[in-house]
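Heavy atoms only: backbone and side chains are in, while hydrogens, waters and symmetry mates are out. Being a predicted model, the structure only gives us computed values, none of them experimental.
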Amino acid sequence: MRWLTGFTLGLLTAVGGFLDIGDLVANSVVGSRFGMTLAWVVPVGLVGLMLFTEMSARVTATTGRGTFDLVRERLGPRVGLANLLASYLITFLTFAAQLGGMALALELASGIHYLLWVPVAAAFVWIVLWRLSFERMEKTYGILGLALVVFGVALWMLGPDWGVLLEDAASFAPPAQEGPAVWWYYAIALFGAAMTPYTVLFFSSGGVEEKWGPRDLATAKVNVFFGLPLGGLLSLCIMACAAVVLMPAGIQVSDLGQVALPVVSVLGKVGLIVVILGFVAATFGASLESGLSAAYAVSQYFGWRWGKALPPEKAPYFHLVIMVSLLAGVLFMLTGLDPITVTEYSLVFSAAALPLTYLPIFVVANDRGYLGDRVNSRFTNILGSLYLVLLCVVSVAAVPLMVYTKAGQ
């Protein structure tokens with residue numbers, strides 16, 4: 001049962017990491033504009049996410065403490081504060097985008113304008129965070145999010161020329177009608193979607209919630225090396241569906257309904273029902289994940305008592321951060337900003353802030369004072385160092401590319 005519980009934590013993390021509103025939009029936009037030429041970004045992001053998530057999980061299972069708690073203690077309050085501010089702002093923007101994405105999914109199901117659904121979506125998020133146990137939450141929304149397997153089914157039923165798709169994926173160059181700057185901009189956005197910082201924070205903090213110890217390291221690694229790749233595979237299916245159906249038709253994705261078009265084209269109403277269920281479950285799960293991550297980060301940095309299992313009277317500041325973040329997210333989305341636009345910007349800003357999140361994890365994972373003999377292996381350090389260089393390059397290029405390309409226009 002502990003193994004099953006741990007695996008559902010990995011499923012929920014995979015849903016947040018690869019199937020939230022950011023990934024749904026990014027993969028569909030990329031597939032509809034560039035075909036499979038940016039497919040290589042997903043495995044690159046996946047390997048990086050797996051690498052640092054495993055580090056973070058190993059730290060948690062060994063020390064029983066949260067990421068930001070150790071970052072502040074190991075690197076000092078100033079570095080920890082910079083890490084916190086960057087992580088919280090990106091997580092909050094992502095949280096607001098998830099609420100908007102859930103509202104869009106409910107609009108797709110009901111025909112009622114999404115702004116009317118934003119407060120309803122927020123109320124459901126609050127009820128689940130307040131009343132549902134962590135274990136039940138992760139099992140329910142981690143498994144329901146797998147309804148998006150329907151994209152894999154749809155891709156198979158579309159019967160594409162697999163050789164052409166693979167050739168396209170191996171081209172590593174933009175289509176003739178697209179410029180290289182825009183292509184690289186979307187590569188960075190897709191990379192930011194795959195390595196969203198809150199994913200690692202949620203996974204490690206979830207381990208603390210589940211009281212992981214050294215004996216749970218095997219479970220953590222199963223989650224990392226099997227749960228996360230499943231999310232990455234489904235995100236590639238979403239991209240491929242868009243490349244097969246939307247790109248030839250000249251449809252560039254601008255709303256959530258267009259993301260569902262490839263599924264509806266082959267599976268009809270049944271496919272629409274399943275894909276809407278997947279959209280709601282995935283965005284709801286990602287809302288829970290990002291909302292909790294915001295509170296985890298703040299509480300761990302300031303040393304407050306935290307944990308979803310703790311009632312408000314025992315962890316008042318933790319629950320206060322959740323409530324304030326939720327209310328702020330609702331107000332932010334009720335301004336009428338397009339959730340898809342918010343999502344696209346959040347991905348770029350996430351990419352720009354990646355080194356601030358992952359460098360401290362790398363430092364702590366090499367500290368024998370915390371991990372003893374469980375510090376990073378030589379191979380992990382070599383690969384981690386290469387990724388940190390890549391993260392720095394992405395961080396420097398993200399915002400200038402966004403300005404130069406006018407956000408990919």
S.K.: With sequence neighbours excluded, give me every side-chain hydrogen bond (donor to acceptor under 3.5 Å, both in side chains) pair touching residues 392-406.
M.R.: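 Passing the test, one end in residues 392-406: no pairs.
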S.K.: Is any side-chain heavy atom of M402 less than 4.5 Å from a side-chain heavy atom of Y345?
M.R.: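 Sidechains of Y345 and M402: in contact.
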S.K.: Just jot down the side-chain contact (heavy atoms from CB on, under 4.5 Å) partners of F302, sequence neighbours excluded, or say none.
M.R.: L84, V298, W304
S.K.: Heavy atoms only: give me the nearest S235-V42 pair and the separation to one decimal.
M.R.: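 Answer, listing the atom of S235 first, then V42: OG-CG1, 3.5 Å.
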S.K.: Can you confirm whether V59 sits close enough to I361 that some side-chain heavy atom of one is under 4.5 Å from a side-chain heavy atom of the other?
M.R.: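 The answer is no, as the side chains (C-beta and beyond) never meet within the 4.5 Å cut-off.
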S.K.: Between the side chain of S28 and the main-chain N/O of V25, is any donor-acceptor distance below 3.5 Å?
M.R.: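 Not at all, since once roles are kept as given, no pair shorter than 3.5 Å links the two residues.
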S.K.: With F191, which residues qualify under ring pair (Phe, Tyr, Trp, His ring centres under 6.0 Å), at least two apart?
M.R.: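 Listed in chain order: nothing, the list is empty.
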S.K.: Which residue, V270, V274, I276, forms the side-chain contact (heavy atoms from CB on, under 4.5 Å) with L272?
M.R.: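 One option only clears the test, and that one is I276.
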S.K.: Which pairs with one or both residues in residues 25-35 pass salt bridge (Lys or Arg N to Asp or Glu O under 4.0 Å), sequence neighbours excluded?
M.R.: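 Those involving residues 25-35 are R33-E178.
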S.K.: Under a 4.5 Å cut-off applied to non-hydrogen side-chain atoms, are M333 and P339 in contact?
M.R.: yes
S.K.: Is the closest side-chain donor-acceptor distance between S293 and S290 under 3.5 Å?
M.R.: no
S.K.: What residues, two or more places apart in sequence or in another chain, satisfy side-chain contact (heavy atoms from CB on, under 4.5 Å) together with F172?
M.R.: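 Partners of F172 by the side-chain contact (heavy atoms from CB on, under 4.5 Å) criterion, ordered by chain and then number, come out as W40.
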S.K.: Contact between M239 and L190 at the side-chain level, heavy atoms closer than 4.5 Å - yes or no?
M.R.: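 Sidechains of L190 and M239: in contact.
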S.K.: Can you find a heavy atom in the side chain of S32 that is under 4.5 Å from one in the side chain of I251?
M.R.: no
S.K.: What side-chain donor-acceptor pairs closer than 3.5 Å can you find for residues 309-326, not counting sequence neighbours?
M.R.:
residue : atom : partner : partner atom : Å
H319    : NE2  : L310    : O            : 2.7
S325    : OG   : Y88     : OH           : 2.7
S325    : OG   : V321    : O            : 2.8

S.K.: Sort and list the pairs that fulfil side-chain hydrogen bond (donor to acceptor under 3.5 Å, both in side chains) and have at least one residue in residues 99-116, not counting sequence neighbours.
M.R.: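 Checked against side-chain hydrogen bond (donor to acceptor under 3.5 Å, both in side chains) - neighbours excluded - the pairs reaching residues 99-116 are S110-W117.
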S.K.: Considering residues at least two apart in sequence or located in another chain, which fulfil the side-chain contact (heavy atoms from CB on, under 4.5 Å) criterion with A243?
M.R.: M36
S.K.: List in chain and number order the residues that pass ring pair (Phe, Tyr, Trp, His ring centres under 6.0 Å) with Y387, two or more places apart in sequence or in another chain; answer none if no residue qualifies.
M.R.: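 Expected list: none.
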S.K.: Hey, are the side chains of D168 and S171 touching, using non-hydrogen atoms and a 4.5 Å cut-off?
M.R.: yes
S.K.: Less than 3.5 Å apart, any donor N or O on the side chain of S205 or Q300 sitting next to an acceptor on the other?
M.R.: yes
S.K.: Above 12 or not: heavy atoms from other molecules or residues under 6.0 Å from CH2 of W184?
M.R.: no
S.K.: Which residue pairs pass the side-chain hydrogen bond (donor to acceptor under 3.5 Å, both in side chains) test with at least one member in residues 348-370, sequence neighbours excluded?
M.R.: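 Residue pairs passing side-chain hydrogen bond (donor to acceptor under 3.5 Å, both in side chains), neighbours aside: E73-Y370, R74-D367, N366-N381.
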S.K.: Take the angle between the ring planes of Y296 and W306 and call it parallel below 30°, perpendicular above 60°, tilted in between.
M.R.: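 Answer is perpendicular, since the angle exceeds 60°.
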S.K.: Distance-only check: which donor-acceptor pairs under 3.5 Å involve side-chain atoms of residues 257-266, not counting sequence neighbours?
M.R.:
residue : atom : partner : partner atom : Å
Q258    : OE1  : S254    : N            : 2.5
Q258    : OE1  : S254    : OG           : 3.1
Q258    : OE1  : D255    : N            : 3.2
S265    : OG   : P262    : O            : 2.6

S.K.: Residues two or more places apart in sequence or in another chain: which of them pass side-chain contact (heavy atoms from CB on, under 4.5 Å) with M247?
M.R.: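 side-chain contact (heavy atoms from CB on, under 4.5 Å) list for M247, sorted by chain: P175, Q177.
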